[in-house]
Structures are given as structure tokens and as C-alpha cells.
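Every value quoted in this text rests on a predicted model; they were computed, and no experiment measured them.
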Amino acid sequence: MTSLLGAELAQRGVAPDCVQTIELVRDVLARVGDKWTLLTITVLASGPLRFTALHQQVVGISQRMLSQTLRGLTRDGLVTRTAYPEVPPRVEYALTPLGRSLSEAVDGLVHWVRGHQSDIVRNRDEFDQAATPPHA
């Protein structure tokens, strides 16, 4: 409970176990809300990949960002990193069962977006047109 949020919630009388849950939910949402995490999980859903192959399939990500993303996913137990004692060294990344369950949840979100895509685009267009002041 060292975060500012945790301290504020505790001060408001929120139970410590609830504070911990709230902080964890925020952390997980921040991780999942990151575009590189979602793309990495989506690519790994098809099976284990070496770093180079994963880097090629996650379009636009730098090697440094992919390394950071994989490190965070491994820390959270969503991805495993397996190093094989070969020359040259071979390392593979794969989703854990926990990572697969997240992948299934992400698939549900993607399915929802696809089903409502035209509504979302239409609403955005209407909002943008209404928010744009007429030119004098």
C-alpha cells in the first residue's frame, strides 16, 4: 500500500484487501490496455515463437519495447520464456494457461468491436462533425 492511490483509499477507510485488489486491477488494466501487450498476446496465441519471429509479427514494435513487453508479461505469469542450451542460443516465448485465458478475453473484446464497428465509427463521425465549428 505504498502508492498514492493506496494511501488515499486507506485514508478513506477502504479495507486493505480491497485496496490491494483495486491497485492490482489498475495495474492489470494498464498492462492489457497497452497496445503492444495486446498485439504480443494475439500473436503468441497461435503458439510459441522465438524473439525474432515475434518481432517480425508484431508490426511496428522496436526490439527494446518488445523486450520490455515480454518482461512484463513474464513477470505477471502470462508468458513463459524458455531458453534452450544450444549454440547459437535459442529462446522461445509462449502463453501460459493464464495468458491463454487473457487471450480468450481479448478475443471477446475484439469480437465485440467488430460487431459494433459501424456504430462506433458513425458515432465518432457525428460527434466530430458536431464539435467542428463552422468556418466563417
- [ ] Return the minimal non-hydrogen interatomic distance between T37 and L73, and the atom names on each side.
- [x] CG2-CD2, 3.6 Å
Task: Distance in Å, D128 CG paired with N123 CG, rounded so as to fall on 0.5 Å steps - done: 10.5 Å
Open item on the list: Minimum heavy-atom separation for L95 and S103, please, with both atom names.
Closed with: CD1-CB, 4.1 Å
- [ ] Decide whether I41 and V59 are clustered together by the hydrophobic rule: side chain heavy atoms of Ile, Leu, Val, Met, Phe, Trp, Tyr closer than 4.5 Å, transitively.
- [x] no
Open item on the list: As a quick check of understanding, evaluate salt bridge (charged side-chain N to carboxylate O under 4.0 Å, His left out) for D125 and R122, giving each step before the final call.
Closed with: CA-CA 5 Å; D125 288 344; R122 185 185 68 252; over 6 Å; no
Open item on the list: For the CD atom on Q11, are there more than 12 heavy atoms of other groups (residues, nucleotides or ligands in this structure) within a distance under 6.0 Å?
Closed with: no
Open item on the list: Heavy-atom count check: over 12 atoms from other residues, nucleotides or ligands less than 6.0 Å from R26 CZ?
Closed with: no
TODO: Kindly work out whether a path of hydrophobic side-chain contacts (I/L/V/M/F/W/Y, heavy atoms less than 4.5 Å apart) joins V32 to L109.
DONE: no
TODO: Give, for atom CG of D34 and atom CE of M65, the distance between the pair rounded to the nearest 0.5 Å.
DONE: 7.0 Å
TODO: Please examine the side chains of L39 and Q57, heavy atoms only from C-beta on, and report whether any two atoms are closer than 4.5 Å.
DONE: no
Task: Pairwise distance CG(L54) to CD1(I61) - rounded to 0.5 angstrom - done: 7.5 Å
Open item on the list: Counting C-beta onward and ignoring hydrogens, is there a side-chain heavy-atom pair between L70 and F51 closer than 4.5 Å?
Closed with: yes
Open item on the list: Are L102 and V106 packed together at the side-chain level, in the sense that at least one heavy-atom pair is separated by less than 4.5 angstrom?
Closed with: yes
TODO: With rounding to the nearest 0.5 Å, note down the distance linking CG in L49 to NE2 in H55.
DONE: 13.0 Å
Open item on the list: Restricting to non-hydrogen atoms, name the atom on E92 and the atom on P48 that form the minimum distance, rounded to 0.1 Å.
Closed with: OE1-CB, 3.9 Å
Open item on the list: Could you tell me if the side chain of V79 sits less than 4.5 Å from the side chain of T96, heavy atoms only?
Closed with: no
Open item on the list: With side chain to side chain contact (heavy atoms under 4.5 Å, CB included) as the criterion, how do Q68 and R71 come out once you've worked through the C-alpha distance, each side chain's angles and the decisive distance to 0.1 Å?
Closed with: CA-CA 5 Å; Q68 288 177 348; R71 189 173 296 115; 4.2 Å; yes
Task: Minimal non-hydrogen separation, W36 against T69, with atom names - done: CB-OG1, 3.7 Å
